[in-house]
Amino acid sequence: VYGIMKKVESECHKMLADGKAGKTVTNKVLDLRALIKWCNKRKYLTEDPLSELGKFDTTPQIIRRAMTVEELRSLLSNCAPHRRLLYEVAFCSGLREDELRKLEPDMLDREECALRIPREIDKGRKNRIQYIPAALLERLLASGANSEARTIYDRTYHNQGKRIGKKKPPKTPLLYVPTNSSTMLKRDLKAADIPIIPAKGKLDFHALRTAYINFVLAVAPDVKTAQELARHETADMTLNVYGRAKEDRCRSVVEKVGSLVFEDSGSHAVTNVGQAKPPINPRGHENQDSEKIITPDMAGGYNQENMVRKR
């Protein structure tokens with residue numbers, strides 16, 4: 001046991017060489033450390049054999065762009081109905097691809113207007129309640145009652161035993177999620193005439209989660225609420241990994257700074273520095289300028305109040 005550090009270190013570097021992200025490797029090391037801690041607590045080990053193992057760079061390797069509301073609406077208007085439902089759930093819940101694939105109709109909670117996410121499918125291995133808009137809940141209930149996703153799976157995979165990667169198709173799926181979800185999204189983005197713009201960040205299926213979190217940040221009353229809805233362990237992950245600064249807001253802020261420095265209509269605007277300013281919320285925007293997010297157009301429409309449900 002006490003000679004395993006070199007082997008662990010070698011495997012970690014091998015994973016990095018194979019293209020695994022530093023964050024992924026770090027998470028695996030943390031799992032191993034948790035096991036070692038358990039062994040130490042029960043006296044199976046007397047010390048940590050990985051105490052000298054160094055840290056790995058966890059800087060995100062892929063930067064994803066947050067889609068705008070206009071792009072979201074265009075995407076929803078230019079895709080098949082079953083893909084639209086999938087996108088709507090992704091945009092309104094932030095669930096990851098594999099989490100969406102494992103959803104089942106009995107996870108819908110009409111009373112709480114939410115999805116009950118069991119720890120078996122949650123990335124953080126916790127039982128969660130993920131609130132969703134009421135109109136979307138009704139559509140999911142109808143889709144689940146009609147077994148629409150099961151029908152599409154049966155039609156797509158003629159042999160019901162055909163595997164999705166290493167897994168079989170779900171027995172009672174709530175949504176149809178293909179294996180090539182990012183390829184599917186690229187086709188729909190092209191149909192919607194939405195530019196991918198690599199310089200501003202990648203647009204793949206996980207970018208829908210990035211969009212959701214930025215929508216939440218724009219309307220949430222505080223950072224803690226945004227963190228909870230994003231299902232992150234820390235607010236730092238919500239703000240600094242998924243959060244995106246908006247160009248129009250940045251331009252607006254620097255113009256306001258300029259108005260304090262330069263002359264305006266023959267008077268020195270800098271004299272206004274001492275005037276009271278509107279309160280600043282935790283995201284650094286003036287509260288009166290906070291953006292209002294208009295949720296996706298659906299039959300019956302969404303209510304803005306339902307975007308962030310308060311208990």
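Quick note: numbers below take in every heavy atom, side chains included, and nothing from hydrogens, waters or symmetry partners.
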| Is the shortest heavy-atom distance from the side chain of Asp106 to the side chain of Thr172 under 4.5 Å? | no
| said: Quick check: do Ile129 and Asp109 have side-chain heavy atoms less than 4.5 Å from each other? | reply: no
| request: Test side-chain contact (heavy atoms from CB on, under 4.5 Å) on Leu239 and Leu217 and set out the steps. | output: CA-CA 8 Å; Leu239 292 173; Leu217 285 170; 3.7 Å; yes
Salt-bridged, [X] to [Y], with N to O below 4.0 Å?
X	Y	answer
Glu148	Arg139	no
Arg101	Asp98	yes
Glu71	Arg65	yes
Asp18	Lys14	no

Could you measure the distance from the [atom1] atom of [X] to the [atom2] atom of [Y]? Nearest 0.5 Å is fine.
X	Y	atom1	atom2	result
Glu97	Leu86	CD	CG	8.5 Å
Tyr44	Ile36	OH	CD1	15.5 Å
Ser143	His82	OG	NE2	10.5 Å
Ile121	Leu95	CD1	CG	7.5 Å
Leu136	Cys113	CG	SG	8.5 Å
Thr210	Met67	OG1	CE	11.0 Å

Sequence neighbours left out, what passes side-chain hydrogen bond (donor to acceptor under 3.5 Å, both in side chains) with [X]? Give chain and number order.
X	answer
Lys186	none
Gln130	Tyr212, Arg231
Asn240	Asp236
Arg110	Glu138

| field | Steps toward side-chain contact (heavy atoms from CB on, under 4.5 Å) verdict (Asn40, Thr46) | value | CA-CA 6 Å; Asn40 285 334; Thr46 57; 5.9 Å; no
If we ignore hydrogens and angles and just use 3.5 Å, is the side chain of [X] paired with the main-chain N or O of [Y] as donor and acceptor?
X	Y	result
Asn180	Thr183	no
Asp122	Asn127	no
Arg244	Arg64	yes
Asn78	Leu189	no

| For Lys20, which residues count as a salt bridge (Lys or Arg N to Asp or Glu O under 4.0 Å) partner, sequence neighbours excluded? | none
| What class does the angle between the rings of Phe215 and Phe91 fall in, given that below 30° is parallel, 30 to 60° is tilted and above 60° is perpendicular? | tilted
What side-chain donor-acceptor pairs closer than 3.5 Å can you find for residues 4-13, not counting sequence neighbours?
none

| query | Near Glu228 CD, under 6.0 Å, is it more than 12 heavy atoms from other residues, nucleotides or ligands? | reply | no
| query | Does atom CZ of Arg125 have more than 12 heavy-atom neighbours from other groups under 6.0 Å away? | reply | yes
| query | Does the side-chain contact (heavy atoms from CB on, under 4.5 Å) test come out yes or no for Val89 and Leu140, once each step is laid out? | reply | CA-CA 9 Å; Val89 177; Leu140 288 172; 3.7 Å; yes
| After noting the C-alpha distance and the side-chain angles of Arg96 and Arg209, does the key distance pass the side-chain contact (heavy atoms from CB on, under 4.5 Å) rule? | CA-CA 7 Å; Arg96 303 169 180 87; Arg209 174 170 169 78; 3.1 Å; yes
